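Written out below as structure tokens is the structure these notes cover.
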Amino acid sequence: QVQLAESGGGLGQVGGSLDISCTVTSTGARVVIVGWFRQAPGKEREFVAQIASDDSTMYAESVKGRFTISRDSAKDTVYLRMRSLQPRDAGVYYCHATMARAGTVWGQGTRVTVSS
């Protein structure tokens with residue numbers, strides 16, 4: 001089975017940076033894609049970024065050029081580096097994993113607050 005553990009959420013400043021991470025543990029399933037989604041109060045959960053097993057990446061238009069997703073295979077951890085933070089970046093960020101055969105799994109979420 002697969003479990004996701006997020007960390008690094010907290011208070012960021014407008015124009016500043018914040019890093020969050022997702023540690024992936026898997027007993028038998030092969031993880032194909034790890035991504036980040038976010039949800040602001042009163043809004044639907046939206047896609048932010050993802051990284052696949054071949055290291056290819058994809059970003060939402062709203063974060064292109066500002067956010068960077070990466071992976072440290074030795075630590076089984078996926079990172080999201082958020083730069084040039086804007087108020088619209090605030091919300092709960094969820095790690096999401098897609099497995100080759102066993103479906104998908106969500107992390108518990110980590111809250112990102114952006115203040116001036």
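These numbers were taken from a predicted model, which means no experiment stands behind them.
- The CD atom of E46 sits 14.5 Å away from the CH2 atom of W36 when rounded to the nearest 0.5 Å.
- A donor-acceptor pair is defined here as one N or O able to donate and one able to accept, closer than 3.5 Å; such a pair exists between the side chain of R66 and the backbone of S84.
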For residues 57-64, run the donor-acceptor check on the side chains, cut-off 3.5 Å, and write out each pair with its distance to 0.1 Å, sequence neighbours left out.
from: Y59; atom 1: OH; to: I69; atom 2: N; distance (Å): 2.9
from: E61; atom 1: OE2; to: K64; atom 2: NZ; distance (Å): 2.7

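- Looking at every heavy atom in both residues, G8 comes nearest to T110 through C-OG1, 4.5 Å.
- One hydrophobic cluster holds both F47 and V92 under the rule that ILVMFWY side chains link at heavy-atom gaps under 4.5 Å.
- Placement of L4 and M99 within a single hydrophobic cluster is found when ILVMFWY residues are connected by side-chain heavy-atom separations under 4.5 Å, directly or transitively.
- Nearest heavy atoms, L11 versus S115: CD1-OG, 3.3 Å.
- Looking at Q50 and T98, their side chains never come closer than 4.5 Å, going by heavy atoms from C-beta outward.
- One N or O on the side chain of R71 and one on the backbone of A52 form a donor-acceptor pair closer than 3.5 Å.
- Rounding to the nearest 0.5 angstrom, the gap separating the CD atom in Q39 from the CD atom in E44 is 8.5 Å.
- The two residues V112 and G9 have their closest heavy-atom pair at CG2-CA, 4.5 Å.
- Ring planes of F67 and Y93: tilted class, angle from 30 to 60°.
- Within 6.0 Å of CD in Q3 there are 12 or fewer heavy atoms belonging to other residues, nucleotides or ligands.
- Applying the salt bridge (charged side-chain N to carboxylate O under 4.0 Å, His left out) test to R83 and every residue at least two apart in sequence or in another chain returns nothing.
- Side-chain heavy atoms closer than 4.5 Å link hydrophobic residues (I, L, V, M, F, W, Y) into clusters, and following such links, even through other members, never connects Y94 to V78.
- In this structure, L80 is not a member of the same hydrophobic cluster as F37, with clusters built from ILVMFWY side-chain heavy atoms closer than 4.5 Å.
- Formation of a donor-acceptor pair under 3.5 Å by the E6 side chain with backbone atoms of G109 is found in this model.
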Which pairs would a plain distance check flag for residues 12-24, meaning a side-chain donor or acceptor within less than 3.5 Å of a matching protein atom at least two apart in sequence or in another chain?
from: D19; atom 1: OD1; to: R81; atom 2: NE; distance (Å): 3.1
from: D19; atom 1: OD2; to: R81; atom 2: NE; distance (Å): 3.4
from: D19; atom 1: OD2; to: R81; atom 2: NH2; distance (Å): 3.1
from: S21; atom 1: OG; to: S7; atom 2: OG; distance (Å): 2.8
from: T23; atom 1: OG1; to: T77; atom 2: OG1; distance (Å): 3.3

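- One hydrophobic cluster, built from ILVMFWY side chains closer than 4.5 Å, holds both V34 and V105.
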